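The model shown is predicted, which means the values in this text are computed figures rather than measured ones. Positions are given from 1, in the same order as the sequence printed here.
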Amino acid sequence: IISFFMVGLLSWMQQLLKEYFRAGITFLFFVICGYYITLQIMDFLEQFWKINTNKKQVVFFDGTRNCEVQALVDTGNMLCDPITGRPVHIISNKAIKKFIEYNEEMKIRYIPYCTIANKESVGPILKIDKMNIQGKYEIEHPLLGISECEQFGNGTYEMILNPKDL
């Protein structure tokens, strides 16, 4: 009985609002589409904001030399020196070359590592005097792992920071 009355009520409303029905459906369609487009834009902006908050300005100091690079805090960077247990920050080959020149008196050691692609190898690390991150964190004698890559993130950053030092 209730469904009979509901059908009658809906038929009566359709007759009464017939001229507004097409405009109402069109309006409702655009409202729903606008809602989903707005959600996608908000998700994109949130991801963009998270990426930019992970970028840091880093200054290295070794003796009288210093160098400034863009870095990315990578929560997936779990690389640590197996001897000391200290975190290792990865620097691009290009950035380290503009900072220091390799010579025999530098104490370069090699540590094992594994990449996301499950590539296992050994890589060089060296210890410098200090590193300053955004003027907030100063790390004494940090360990830098020297990457074979010339740059990271299509050139947007030159170093991958280990979050354990932050």
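Side-chain contact check for Phe60 versus Asn66: every heavy-atom pair is 4.5 Å or farther apart. Contact of the Glu138 side chain with the Glu140 side chain is registered, since non-hydrogen atoms from C-beta on lie closer than 4.5 Å. The side-chain heavy atoms of Val88 and Leu144, taken from C-beta on, include no pair separated by under 4.5 Å. Side-chain contact check for Ser147 versus Ile90: some heavy-atom pair is nearer than 4.5 Å. For the pair His141 and Arg86, the minimum side-chain heavy-atom distance is below 4.5 Å.
By the criterion of side-chain heavy atoms lying less than 4.5 angstrom apart, applied directly or through intervening Ile, Leu, Val, Met, Phe, Trp or Tyr residues, Ile37 is grouped together with Phe44 in one hydrophobic cluster. Note: the hydrophobic cluster containing Ile32 also contains Tyr35 (ILVMFWY, side chain heavy atoms under 4.5 Å, direct or indirect links). Each of Met78 and Ile139 belongs to its own hydrophobic cluster when Ile, Leu, Val, Met, Phe, Trp and Tyr are linked at side-chain heavy-atom distances under 4.5 angstrom.
Asp43 contributes atom CG, which lies 11.0 Å from atom OG1 of Thr38 (distance to the nearest 0.5 angstrom). Between Ile96 atom CD1 and Ile146 atom CD1 the span is 5.0 Å, to the nearest 0.5 Å. Rounding to the nearest 0.5 angstrom, the gap separating the CG atom in Asp129 from the CG atom in Asp62 is 4.5 Å. Here the straight-line distance linking atom NZ of Lys56 with atom CG of Asn54 works out to 7.0 Å at 0.5 Å rounding.
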| task | Report the C-alpha separation of Ile128 and Phe99 in whole Å, then their side-chain angles, then the decisive distance to 0.1 Å, and conclude whether the side chain to side chain contact (heavy atoms under 4.5 Å, CB included) test is met. | result | CA-CA 11 Å; Ile128 60 172; Phe99 177 53; 3.9 Å; yes
Tabulate below the donor-acceptor pairs under 3.5 Å that side-chain atoms of residues 119-126 make, not counting sequence neighbours, or state none.
none

Could you pull out every donor-acceptor pair under 3.5 Å between side chains of residues 149-166 and any protein atom, sequence neighbours left out?
residue: Thr156; atom: OG1; partner: Gly153; partner atom: O; Å: 2.7
residue: Glu158; atom: OE2; partner: Lys98; partner atom: NZ; Å: 3.1
residue: Asn162; atom: OD1; partner: Lys164; partner atom: N; Å: 3.1
residue: Asn162; atom: ND2; partner: Asn77; partner atom: O; Å: 3.4
residue: Asn162; atom: ND2; partner: Leu79; partner atom: O; Å: 2.9
residue: Asp165; atom: OD2; partner: His89; partner atom: NE2; Å: 2.8

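Nearest heavy-atom pair, Ile111 versus Pro82, reported as atom, atom and distance to 0.1 Å: CG2-CD, 3.6 Å. Nearest heavy-atom pair, Leu143 versus Thr84, reported as atom, atom and distance to 0.1 Å: CD1-OG1, 4.1 Å.
With sequence neighbours excluded, the residues satisfying side chain to side chain contact (heavy atoms under 4.5 Å, CB included) with Glu68 are Gln57, Val59.
Using a 4.0 Å cut-off between a side-chain N of Lys or Arg and a carboxylate O of Asp or Glu, Asp81 and Arg109 qualify as a salt bridge.
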